[in-house]
Amino acid sequence: MNKFEHIPLNSDLLRSFVIIADTGNLTHAADRLGRTQSAISVQLRNLEKSLGASLFNRSVKGMTLTDAGERLLPKAQAAVAQLQEMRRLFEEPLTGQLRVGIPDDYEGLILTDALARFARMHSGVEVTAMSGCTVTYDKDVGDGRLDMAVCSGPEPKDGFYISREPAVWAAGQGVNFLAVEPVPLAMLDRRCWWKSIPTDALHRARRDYRVAFRTESFGSLLSALRSGFAIGVLPASCVDEDLQVLDGTHGLPPLPDIHRTIVFSDRADMQLCEAMAEAICTTLQGVQPGA
């Protein structure tokens, strides 16, 4: 008899594993799942015992996947998604209106996939989506202009915590800024916490820079980086095949993590909000930072 057979492998354990991988933190995972941290910790230990493998590296900064965890994650995501699809076969169709705010760095694959997923599953819901800087989203939700919004920041907000990912220095493929002084910097020039991340980091590292490109548009920032005109800071998930990640070997300082939280209006239809949150989270689970 296999020594791990006495602990059954079930969907509840797999779902908790996927959420821990998303958030990189037991406390945030527990908040998302509506359980205590100790209960989630027990679930993780049971899953690791069931598989006979350690799934996470633990550190003061959080939890990252081991090689075994990396192998398990896509299989666990697929299994959880299939079970969710089965459950929906017997649910009443959703109807109504939903206004949602999305960070503009979610444009492209993440935004398109999340909205398409929601529309495919809930065709009776009329969605109005807003994409832009998230700095006003808290107020927009509080004032009733939005039903829900994905907010980003260097610190977690109160709400439904969905993910954490590193910010990275990025530039066009093949571009070498190692010996360039001052560093040509592309930056978002808008009333947002993101604006100060690159300049604060370079000041701390005593690295000279010049602002070579300013924009209020995240899409324009990406274009400037891809062109090789300058370097800048991006969420790791935005680094595509046209970009490279620059790190300490390029003489650049470390950057903070980015925390994503969904906030909901007290006046919103929570059934619609939860369905959209699920579509966004499922899409994010399929996107590997830096891929």
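It should be emphasised that the depicted structure is a prediction, and the values quoted were computed from it without experimental measurement. Residues: numbered from 1 along the sequence shown.
- Phe229 and Phe218 fall into different hydrophobic clusters, where Ile, Leu, Val, Met, Phe, Trp and Tyr residues are linked whenever their side-chain heavy atoms come under 4.5 Å apart, directly or through other members.
- Put simply, the side chain of Arg191 reaches to within 4.5 Å of the side chain of Thr136, judged on heavy atoms.
- A search for side chain to side chain contact (heavy atoms under 4.5 Å, CB included) contacts involving Ser11 returns Leu83, not counting sequence neighbours.
- Val233 and Ala167 get closest at one heavy-atom pair: CG1-CB, 3.9 Å.
- The neighbour count for Asp67 CG, taken as heavy atoms of other residues, nucleotides or ligands under 6.0 Å away, does not exceed 12.
- Listed for the Ser152 side chain is no donor-acceptor partner under 3.5 Å among the backbone atoms of Arg260.
- Taken together through direct or relayed side-chain contacts under 4.5 Å among Ile, Leu, Val, Met, Phe, Trp and Tyr, Val42 and Leu26 form parts of separate hydrophobic clusters.
- Here CD1 of Ile102 is found 11.0 Å from OG1 of Thr134. Values are rounded to the nearest 0.5 Å.
- The side chain to side chain contact (heavy atoms under 4.5 Å, CB included) test with Ile262 singles out one residue from Val141, Val100, Val150, and that residue is Val150.
- Side-chain contact check for Phe17 versus Leu13: every heavy-atom pair is 4.5 Å or farther apart.
- Shown here for Ala201 and Leu255, the closest heavy-atom pair between the two residues is CB-CD2, 3.8 Å.
- For CZ of Arg15, the number of neighbouring non-hydrogen atoms (other residues, nucleotides, ligands) closer than 6.0 Å is 12 at most.
- Looking only at side-chain heavy atoms (C-beta outward), Phe160 and Glu274 stay at 4.5 Å or farther from each other.
- Here CE of Met187 is found 8.0 Å from OG of Ser196. Values are rounded to the nearest 0.5 Å.
- Val135 and Val263 sit in two unconnected hydrophobic clusters of ILVMFWY residues. Membership requires side-chain heavy atoms under 4.5 Å apart, directly or through other members.
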_Using the rule given for side-chain contact (heavy atoms from CB on, under 4.5 Å), can you reason through Lys157 versus Tyr137, listing the C-alpha separation, both sets of side-chain angles and the distance that settles it, and then say yes or no?_
CA-CA 12 Å; Lys157 288 180 175 289; Tyr137 282 178; over 6 Å; no
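- Under the 3.5 Å distance criterion, the side-chain polar atoms of Ser50 are left unmatched by any main-chain donor or acceptor of Asn46.
- Ion pairing of Asp240 with Arg226 is present here, as a side-chain N (NZ or NE/NH1/NH2) and a carboxylate O approach within less than 4.0 Å.
- Tyr161 and Met276 fall into different hydrophobic clusters, where Ile, Leu, Val, Met, Phe, Trp and Tyr are joined by side-chain heavy atoms under 4.5 Å apart, directly or via other members.
- The shortest side-chain heavy-atom distance between Trp169 and Val245 does not fall under the 4.5 Å cut-off.
- Under a hydrophobic clustering in which Ile, Leu, Val, Met, Phe, Trp and Tyr are joined whenever their side-chain heavy atoms come within less than 4.5 Å, directly or via other members, Phe118 and Phe264 fall into the same cluster.
- For Gln173, the CD atom counts as densely surrounded, since its 6.0 Å shell holds more than 12 non-hydrogen atoms of other residues, nucleotides or ligands.
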*Show the numbers, then the answer: is there a side-chain contact (heavy atoms from CB on, under 4.5 Å) between Lys195 and Arg190?*
CA-CA 7 Å; Lys195 177 180 179 179; Arg190 62 191 191 188; 5.8 Å; no
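- No side-chain heavy atom of Leu72 sits less than 4.5 Å from a side-chain heavy atom of Leu65.
- In this structure a side-chain-to-backbone donor-acceptor pair under 3.5 Å is present from Glu165 to Ser237.
- The two residues His122 and Ala275 have their closest heavy-atom pair at NE2-CB, 3.7 Å.
- Put simply, the side chain of Arg267 gets close to the backbone of Gly142: a donor and an acceptor are under 3.5 Å apart.
- Closest approach of Pro166 to Asp257, counting heavy atoms only: CA-OD1, 3.4 Å.
- Taken to the nearest 0.5 Å, the CE atom of Met148 stands 6.5 Å off from the CG atom of Leu98.
- Smallest separation of non-hydrogen atoms from Pro154 and His259: O-CD2, 3.2 Å.
- For the atom pair NE2 (His28) and CZ (Arg32), the distance works out to 11.0 Å, reported to the nearest 0.5 Å.
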*Show your reasoning for whether side-chain contact (heavy atoms from CB on, under 4.5 Å) applies to Leu14 and Val18.*
CA-CA 6 Å; Leu14 291 177; Val18 168; 5.6 Å; no
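- With sequence neighbours excluded, the residues that form a salt bridge (charged side-chain N to carboxylate O under 4.0 Å, His left out) with Asp143 are Lys139, Arg145.
- Looking at Asp104, Asp189, Asp105, Leu234 one by one, the single match for side chain to side chain contact (heavy atoms under 4.5 Å, CB included) with Leu221 turns out to be Leu234.
- Judged by distance alone, with hydrogens and angles left aside, the side-chain atoms of Thr36 form a donor-acceptor pair with the main-chain N or O of Ala39 at under 3.5 Å.
- At least one side-chain heavy atom of Thr215 sits less than 4.5 Å from a side-chain heavy atom of Leu188.
- Contact of the Leu252 side chain with the Ile231 side chain is registered, since non-hydrogen atoms from C-beta on lie closer than 4.5 Å.
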*Gln244/Val175 under side-chain contact (heavy atoms from CB on, under 4.5 Å): CA gap, chis, key distance, verdict*: CA-CA 9 Å; Gln244 61 174 320; Val175 176; 4.1 Å; yes
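- Between Leu73 atom CG and Asp22 atom CG the span is 7.5 Å, to the nearest 0.5 Å.
- Ala171 and Leu246 get closest at one heavy-atom pair: CB-CD1, 3.9 Å.
- Residue Arg58 places its CZ atom among more than 12 non-hydrogen atoms of other residues, nucleotides or ligands, all under 6.0 Å distant.
- Asp147 contributes a side-chain N or O that, together with a main-chain N or O of Arg99, makes up a donor-acceptor pair within less than 3.5 Å.
- Under the 4.5 Å side-chain criterion, counting only non-hydrogen atoms from C-beta, Leu146 is not in contact with Ser265.
- For the atom pair CG (Leu115) and CZ (Arg120), the distance works out to 11.5 Å, reported to the nearest 0.5 Å.
- Checked by atom type and distance alone, the side chain of Ser41 never pairs as donor or acceptor with a backbone atom of Gln37 at under 3.5 Å.
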